[in-house]
Amino acid sequence: MDKIQINIKDVLNTVSMTDIEALKSEADNGLAKLVDGTGLGSDFLGWVKLPTSTPEILLDDINNTAKHLRDNCDAVVCIGIGGSYLGAKAVVEALGNAMGETKGPRILFAGQNIGEDYLYELQEYLKGKRFGIIVISKSGTTTEPAIAFRLLKEQLEKQVGRDEAGKLIVAITDARKGALRTLSTTEGYKTYVIEDNVGGRFSVLTPVGLLPIAVAGYDIKALIKGACAMEDDTLSGKDNSALLYAMTRNALYRSGKKIEILVNYNPKLHFFGEWWKQLYGESEGKDHKGIFPAAVDNSTDLHSMGQWIQDGERTIFETVISVARQQHQVLIPKDDANLDGLNYLAGKRVDEVNKMAELGTRLAHVDGGVPNLHITLPALEEQYLGQLIYFFEAACGISGYILGVNPFNQPGVEDYKRNMFALLEKPGYETETAAIKNRL
C-alpha cells in the first residue's frame with residue numbers, strides 16, 4: 001500500500017531541525033500518553049486503537065444497513081452537528097462526483113445549522129421522494145439536530161406511514177441512555193452505538209462516519225484498512241510522520257506563527273479542511289493557547305486570500321495537501337485563433353497546470369516568509385483518506401499534549417448554549433434568563 005508523505009524542508013528557513021528535534025521528548029511523551037492513557041482526557045481515547053479493533057462483523061452489518069437504505073431511498077439525510085457530520089461529509093465529498101453525485105443515493109445533511117430557509121428548502125426537496133434518515137446524537141437533545149429530526153421524522157411518517165418510516169430511520173446514539181436511545185427502543189429503529197470514550201471530532205471511523213459513507217457507496221473496509229496501517233506505523237514507531245507534524249507545528253507556534261492554514265488544490269477536499277478545523281480548533285483552543293486553524297481552497301482562494309497570505313502579517317504557516325494522482329484525464333485543446341493565448345498549454349493535462357500553480361504558489365509563499373509543510377496524498381481513494389484521518393487524529397492528540405492542554409474536552413462550547421437556552425426561556429434556566437434579560 002502506498003502511504004501519505006510529509007515534507008518539512010520549506011519550514012527550515014523559520015525553524016531549524018534542532019528546534020524541531022528539541023520537541024522530540026515532549027512528542028514521545030504525548031504519544032505514550034495516548035497509548036497508555038496517562039494524560040489529560042484519558043477517558044476519551046477510544047479512537048486510538050479503534051481501526052485495528054473494529055470487528056469485521058460490524059463493518060458487514062453497516063454495509064447491510066447501507067444497502068437497505070440504498071435500495072429503498074433516493075436520498076438519505078444525515079442529521080448531526082460538529083463531528084457527527086463533518087467527518088462523513090469530508091469523506092463523501094472527497095470520493096464523490098464534483099457535481100454532488102455518489103455511487104448511492106444523494107446524501108444530504110441537516111442538523112448542522114438552525115437555518116430556517118435551509119430546513120424549509122430541504123423539506124420541499126424531499127416532498128414526494130423516497131428518503132431515509134440517519135440521526136446521530138448521544139443525547140438526542142442537542143438543539144440543532146433535535147429540531148431537524150423532529151421535522152424530518154414527522155415528514156417521513158406522513159409520506160410513508162409510521163411503520164415504514166421506522167424501517168428507514170437509523171439512530172447512532174448512546175448504548176443505554178438518552179432521549180434518542182429511548183425513542184429508538186420504542187420505535188424499533190436500527191441502531192449503532194457511539195461509545196462513551198470516543199469524542200465527536202474523533203468519531204469518523206465509527207458508525208457515525210462509516211454508515212453515511214457506506215450509504216454513499218464507498219468502501220468502508222478500505223477506509224479502515226488505511227487507518228489500520230497508519231495506526232500500526234504510528235503506535236509502533238515504524239513511521240514518525242504524525243510526531244514530525246506535531247513537533248513541527250509546535251516549533252513554528254513557539255517561534256511566533258500563530259495561524260495554520262490547511263491548503264488544498266483539489267476542490268473535493270474542501271470539507272476535509274472543515275473537518276480538520278474542528279479537530280484542531282476544538283482540541284487545542286484552550287487556556288488562551290492554541291494555533292488558530294484556517295483553510296483555503298486553491299487556486300480559487302489565491303484570487304481572494306492569496307494577497308493576505310503573500311503579504312500580510314507574518315504570523316502564519318501553511319500545511320499543503322497535494323493529491324498525486326487524479327481519477328480522470330482532461331487535455332487542453334489547441335485553438336487556431338489563440339485569442340486567449342493558451343496554445344502554449346495545448347496538449348497538457350489540466351492537472352499539470354494545477355500542479356505548477358501549486359508549486360509556484362508554495363515557492364512564492366516560502367519566499368514571502370510563510371513556512372510550508374507539504375503532505376502528499378497518493379490519490380483520493382478510501383485507503384489513503386483512512387491514512388490521512390488517522391494521521392491528523394494522532395498528531396492532534398500528540399500536539400495537544402505538547403501544548404499542555406487537554407486535547408479531548410471542549411469546555412468553551414457550552415458557553416453559547418447556556419446563553420441561548422436562557423434567551424429562549426428553556427425550563428430550568430429561569431435564573432439565567434432573568435440575569436441575561438437584566439444585562440440586555
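Keep in mind the model is a prediction, meaning the values are calculated, not measured. Sequential numbering from 1 along the given sequence is applied to the chain's residues.
- Between Asn406 and Asn409, the shortest heavy-atom distance links the atoms O-OD1, 3.1 Å.
- Phe272 and Phe392 have tilted rings, their planes meeting at an angle from 30° to 60° on a 0 to 90° scale.
- Sparse packing is recorded around OH of Tyr120, with 12 or fewer heavy atoms of other residues, nucleotides or ligands lying under 6.0 Å away.
- Smallest separation of non-hydrogen atoms from Asp174 and Lys177: OD2-N, 2.9 Å.
- Remark: of the listed residues Val204, Leu50, Leu388, Val204 is the sole one forming a side chain to side chain contact (heavy atoms under 4.5 Å, CB included) with Glu393.
- Not one N or O on the side chain of Asn250 forms a donor-acceptor pair closer than 3.5 Å with the backbone of Met247.
- Using modelled atom types, one finds a donor on one side chain and an acceptor on the other under 3.5 Å when comparing Glu318 with His365.
- Judged by distance alone, the side chains of Thr376 and Gln5 never bring a donor and an acceptor atom under 3.5 Å apart.
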Exercise. Please assess Asp19 against Ser16 for the test side-chain hydrogen bond (donor to acceptor under 3.5 Å, both in side chains), listing each intermediate value before the final yes or no.
Key: CA-CA 5 Å; Asp19 297 325; Ser16 67; 3.1 Å; yes
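- For Lys348, the NZ atom counts as loosely surrounded, since its 6.0 Å shell holds 12 or fewer non-hydrogen atoms of other residues, nucleotides or ligands.
- For the pair Lys355 (side chain) and Val323 (backbone), a donor-acceptor distance under 3.5 Å is present.
- Of the charged side-chain nitrogens involved, none lies within less than 4.0 Å of a carboxylate oxygen, so that Lys89 and Glu274 do not count as a salt-bridged pair.
- Minimum heavy-atom separation, Ile332 to Leu345: CB-O, 3.7 Å.
- Here the rule is side chain to side chain contact (heavy atoms under 4.5 Å, CB included) with Arg362, and of Asp367, Asn298, Asp10 only Asp10 fits it.
- Here the shortest heavy-atom pairing between Gly140 and Ala146 reads O-CB, 3.8 Å.
- Going from atom OH of Tyr118 over to atom CG of Asn113 covers 6.0 Å, rounded to the nearest 0.5 Å.
- To the nearest 0.5 Å, atoms CG (Asp233) and CG (Asn240) are separated by 10.5 Å.
- Side chain of Asn338 to backbone of Leu342: a donor-acceptor contact under 3.5 angstrom is found.
- Side-chain contact annotation: Asp311 with Gln307, donor-acceptor N/O pair under 3.5 Å present.
- Note that CD of Glu358 and CG of Asn264 are 9.5 Å apart. Values are rounded to the nearest 0.5 Å.
- Checking side-chain atoms of Asp36 against main-chain N and O of Thr38 turns up no donor-acceptor pair under 3.5 Å.
- Gln329 places no side-chain N or O within donor-acceptor distance of the main-chain N or O of Gln326, the cut-off being under 3.5 Å.
- Within 6.0 Å of NE2 in His328 there are 12 or fewer heavy atoms belonging to other residues, nucleotides or ligands.
- Side-chain N or O atoms of Ser255 include one that pairs as donor or acceptor with a backbone N or O of Leu252 at under 3.5 Å.
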Practice problem: Applying side chain to side chain contact (heavy atoms under 4.5 Å, CB included), run through Ile436 and Met420 and close with a yes or a no. | Solution: CA-CA 10 Å; Ile436 206 164; Met420 179 178 69; over 6 Å; no
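- Looking only at distances, no side-chain donor or acceptor of Asn372 sits under 3.5 Å from a matching main-chain atom of Val11.
- With a 6.0 Å radius and a threshold of 12 heavy atoms from other residues, nucleotides or ligands, Lys24 has its NZ atom at or below the threshold.
- Ring planes of Tyr245 and Phe391: tilted class, angle from 30 to 60°.
- For the side-chain hydrogen bond (donor to acceptor under 3.5 Å, both in side chains) condition, the pairs that include at least one residue of residues 191-216, sequence neighbours left out, are Asp61-Tyr192, Thr65-Tyr192, Arg181-Thr191, Arg201-Glu282, Arg201-Ser283, Arg201-Gln410.
- A cation-pi arrangement, defined by a distance under 6.0 Å to the six-membered ring centre and an angle within 45 degrees of its axis, is present between Lys258 and Tyr253.
- Thr102 contributes a side-chain N or O that, together with a main-chain N or O of Pro105, makes up a donor-acceptor pair within less than 3.5 Å.
- Closest approach of Lys138 to Thr173, counting heavy atoms only: O-OG1, 3.2 Å.
- Between Leu152 and Ile79, the shortest heavy-atom distance links the atoms CD1-CD1, 3.8 Å.
- Inspection of the Asn63 and Lys221 side chains reveals no N or O donor paired with an N or O acceptor under 3.5 Å.
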Quiz item: Could you walk me through whether Phe202 and Phe408 pass the ring-ring contact (aromatic ring centres under 6.0 Å, His included) check?
Solution: CA-CA 9 Å; Phe202 290 87; Phe408 307 111; 5.4 Å; yes
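- At least one donor-acceptor pair closer than 3.5 Å links the side chain of Asp219 to the backbone N or O of Ala222.
- Note that the OH atom of Tyr265 and the OG1 atom of Thr361 stand 3.5 Å from one another [nearest 0.5 Å].
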Quiz prompt | Arg150 and Glu144: CA distance, side-chain angles, deciding distance, salt bridge (charged side-chain N to carboxylate O under 4.0 Å, His left out) verdict | solution = CA-CA 10 Å; Arg150 178 179 285 205; Glu144 294 92 337; over 6 Å; no
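- Panel note: side chain Tyr85, backbone Gly209; no donor-acceptor pair is recorded below 3.5 Å.
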Practice problem: Using the salt bridge (charged side-chain N to carboxylate O under 4.0 Å, His left out) rule, take Arg439 and Glu432 through it: C-alpha gap first, then chi angles, then the decisive distance, then the call. | Solution: CA-CA 10 Å; Arg439 174 182 173 184; Glu432 290 86 349; over 6 Å; no
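- No more than 12 heavy atoms of other residues, nucleotides or ligands sit less than 6.0 Å from atom OH of Tyr344.
- A cation-pi arrangement is absent between Lys257 and Phe317, since the terminal nitrogen or guanidinium carbon is not both under 6.0 Å from the aromatic centre and inside a 45° cone about the axis.
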